[in-house]
Amino acid sequence: MNTLDLIIFVAFTVGVVLFGCSFYRKGSTASEFTAAGRSLPGWVVGMSIFATYVSSISYIGYPGKAFASNWNAFVFSLSIPVASYFAAKYFVPFYRHGGSISAYTFLEEKFGRWARFYASACYLLTQIARMGSILYLLAMPMHILMGWDMATVIIATSIAIILYSMLGGVKAVIWADAVQGFILIGGALVCLFILLFSMPEGPGQVFELAANAPEGNKFSLGSFGSDLTSSTFWVCLVYGIFINLQNYGIDQNYVQRYHAAKSNKDARFSALFGGYLFIPVSALFFLIGTALYSYYAAGVAPLPAEIQAKPDFIFPHFIVNSLPVGLRGLLIASIFAAGMSTVSTSVTSAATVIQTDYIKPLRRGKRCEVRGEMIPADATRSLCETRGERNDLFILRLSSLCVGALGSIVAILMLGVKSIIDAWWILSGIFSGGMLGLFFLGIMPRRISRRAAAIGVIVGVVVIAWVSLADAWNLPGVHLHEYLAIVLGTTAIFLVGFLLSLVFSKRSQKSPKAWDKNPSGWDKSPKAWDKKE
């Protein structure tokens, strides 16, 4: 790496950390740490949602996928408008009306504490796997550029991200995400421009070579057949719809951002803006991968066999060997921008889940005692509240540290993975545990009983395990594509829970719980929620 490239990269990384740390305020509260005091404009929150989506998985994995095959994975992006629409119209007002910063509080009120623990545990596993995938991709370019040990880079990067996440909370994370979002888009556009105008016969050669590739059209969206054992157009589309509905509907990353916006209108705008912006930007990354194929197919530069065998290394290899001095540093900085924004988001949201869904319930009902000098009751209450805020803030920061450390360990364990995008999609489908099905049961009318929901979850987990492990363990029966794990798991939880509830309702008395009189508030119109701004 040239000295100038190194200076640009280091300046960017240090600048992001210092920028995030600048949001640290002595005496800040747990609410400010988790929801930024509901003070942020919609465009900033939307840019943060977008930057969280465009992780290093997208920045490196999408070009690698397009280089090695086609645009089949882009079908995932085409499913986002469905989730964005439902988020803006239903999810945003629902969560802001509920008041709790946790996405899983209403599951406890509906089905009991087990449901909250199950959903939050699934979320934590998913986020740790995601952090590991992204940290791995952050370390890869530096390994290629400098020959640095990837495990060392992973640990050093984790420390930098955890530092500003712990000090600044979600406000620092969202503002840093917004800045990083602009940087990563700029870097990708510059790279595509260079690729297009480096072709011997001009930009048109990129499309000609890709469309007539020996292995098939590189712009293909995949087979439109009914095969459920491979990654067809329909398998990717259905997978994308379920994953994105889960992201926007019950993912703490998104719910926390809904709360951070200063109004319902801004929160709705952020959901639409962040989702729709991802579609053209993801197309940009796939076009980069296709252009890389044409670039090397035209013989503009040599491509070593060991790099070609591992598609995730293609884009970093191009950056190292084909970009001019200065731009290399910019592109590496933009890759880091994509990764740091997503990891920092996962750190703060996972810490929030640990504090609100695990620690607070354990402390529920405990008295605060003030020993020593006699003081008035009001002062005692104020002192107890202050102590509680300090304890909550300490737990949030400690949880951020622990979650970040676990993500680093997972990243080191992923060093032998061939395609990170495939690994992440499979892991996210498994670890999500079909909790979207439980969420759908939670917003149904009151006749969904707790017992029926619990049985539905058990059946769903078994279905997910079967789809995920059938091929690896050579189990009997039809082997479906792993992407369908979340689809079938979610469907099983919802259908089993709903149908069993119909059976149980005929034999059981009406629950006396106050929650059953108005189970979720979902039947209220968004306009009714807006009145409680």
Side-chain angles (χ1 to χ4, degrees), residues 16-40 99-105 108 113 116-117 119-121 123-125 127-128 131 155 157-177 252-253 255-257 259-260 340 343-373 375 378-410:
V16 168
V17 174
L18 293 178
F19 178 71
C21 292
S22 69
F23 288 90
Y24 172 77
R25 297 290 182 272
K26 188 176 181 180
S28 61
T29 65
S31 176
E32 291 171 344
F33 185 96
T34 57
R38 291 198 174 198
S39 62
L40 300 180
S100 175
I101 192 64
S102 171
Y104 314 114
T105 300
E108 178 180 358
R113 189 172 295 180
R116 184 176 186 174
F117 284 174
S120 57
Y123 175 78
L124 290 173
L125 288 172
Q127 291 309 303
I128 291 171
M131 283 188 284
I155 294 171
T157 306
S158 300
I159 292 173
I161 295 171
I162 292 169
L163 180 62
Y164 78 80
S165 300
M166 287 175 59
L167 293 178
V170 75
K171 189 173 186 178
V173 169
I174 289 176
W175 273 104
D177 285 355
Q252 183 66 29
N253 283 336
V255 174
Q256 210 157 336
R257 277 157 176 72
H259 283 287
M340 291 177 73
V343 174
S344 61
T345 295
S346 295
V347 167
T348 53
S349 62
T352 300
V353 166
I354 292 172
Q355 193 266 339
T356 57
D357 293 340
Y358 291 92
I359 304 301
K360 264 194 172 181
L362 295 176
R363 292 165 48 196
R364 195 177 293 166
K366 289 189 177 181
R367 293 182 57 190
C368 173
E369 298 181 359
V370 180
R371 299 179 181 179
E373 183 180 352
I375 58 176
D378 290 344
T380 301
R381 191 180 304 111
S382 176
L383 183 59
C384 288
E385 290 174 356
T386 301
R387 287 180 178 178
E389 283 288 346
R390 289 176 180 172
N391 289 337
D392 288 344
L393 200 56
F394 172 77
I395 291 168
L396 285 166
R397 287 173 174 157
L398 180 62
S399 300
S400 299
L401 177 62
C402 295
V403 169
L406 288 173
S408 303
I409 294 171
V410 172

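Treat the numbers as computed from the prediction; the structure is a model and nothing was measured. If you read the sequence from its start, that first residue is 1, and numbering goes on from there.
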ask   = Where do Phe19 and Phe23 come nearest, in terms of heavy atoms and distance?
value = O-CD1, 3.2 Å

Do any side-chain atoms of residues 160-177 form donor-acceptor pairs under 3.5 angstrom with protein atoms, and if so which ones, sequence neighbours left out?
| residue | atom | partner | partner atom | Å |
| --- | --- | --- | --- | --- |
| Tyr164 | OH | Ser344 | OG | 3.4 |
| Ser165 | OG | Ile161 | O | 2.8 |
| Asp177 | OD2 | Ser48 | OG | 2.9 |
| Asp177 | OD2 | Arg257 | NH2 | 3.0 |
| Asp177 | OD2 | Thr345 | OG1 | 3.1 |

request  = To the nearest 0.5 Å, tell me how far Phe33 CZ sits from Ser400 OG.
outcome  = 4.0 Å

message = Nearest 0.5 angstrom please: Thr352 OG1 to Ile395 CD1, how far?
response = 12.0 Å

ask   = How far apart are the C-alpha atoms of Asp392 and Gln355, what are their side-chain angles, what is the distance that settles it, and do they pass the side chain to side chain contact (heavy atoms under 4.5 Å, CB included) test?
value = CA-CA 7 Å; Asp392 288 344; Gln355 193 266 339; 2.9 Å; yes

query = Tyr358 and Phe117: ring-ring contact (aromatic ring centres under 6.0 Å, His included), yes or no, with the steps?
reply = CA-CA 8 Å; Tyr358 291 92; Phe117 284 174; 5.1 Å; yes

message = For the CG atom of Leu398 and the CG atom of Asn391, what is their distance to the nearest 0.5 Å?
response = 12.0 Å

key: Student check: side-chain heavy atoms of Lys360 and Ser102 closer than 4.5 Å   = no

message = Just to verify, what does Ser349 make a side-chain hydrogen bond (donor to acceptor under 3.5 Å, both in side chains) with, not counting sequence neighbours?
response = Tyr123, Asn253

remark   = Ala36 and Ser39 have their tightest heavy-atom pair at O-OG, 2.7 Å

remark   = Closest non-hydrogen atoms of Val347 and Gly404, given as atom of the first, atom of the second and distance, are CG2-CA, 4.4 Å

ask   = Is a donor on one side and an acceptor on the other found under 3.5 Å between the side chain of Gln252 and the backbone of Ser346?
value = no

ask   = Hey, does the side chain of Gln256 reach the backbone of Thr34 with a donor-acceptor pair shorter than 3.5 angstrom?
value = yes

ask   = Just by distance, do the side chain of Thr105 and the backbone of Ile101 share a donor-acceptor pair under 3.5 Å?
value = no

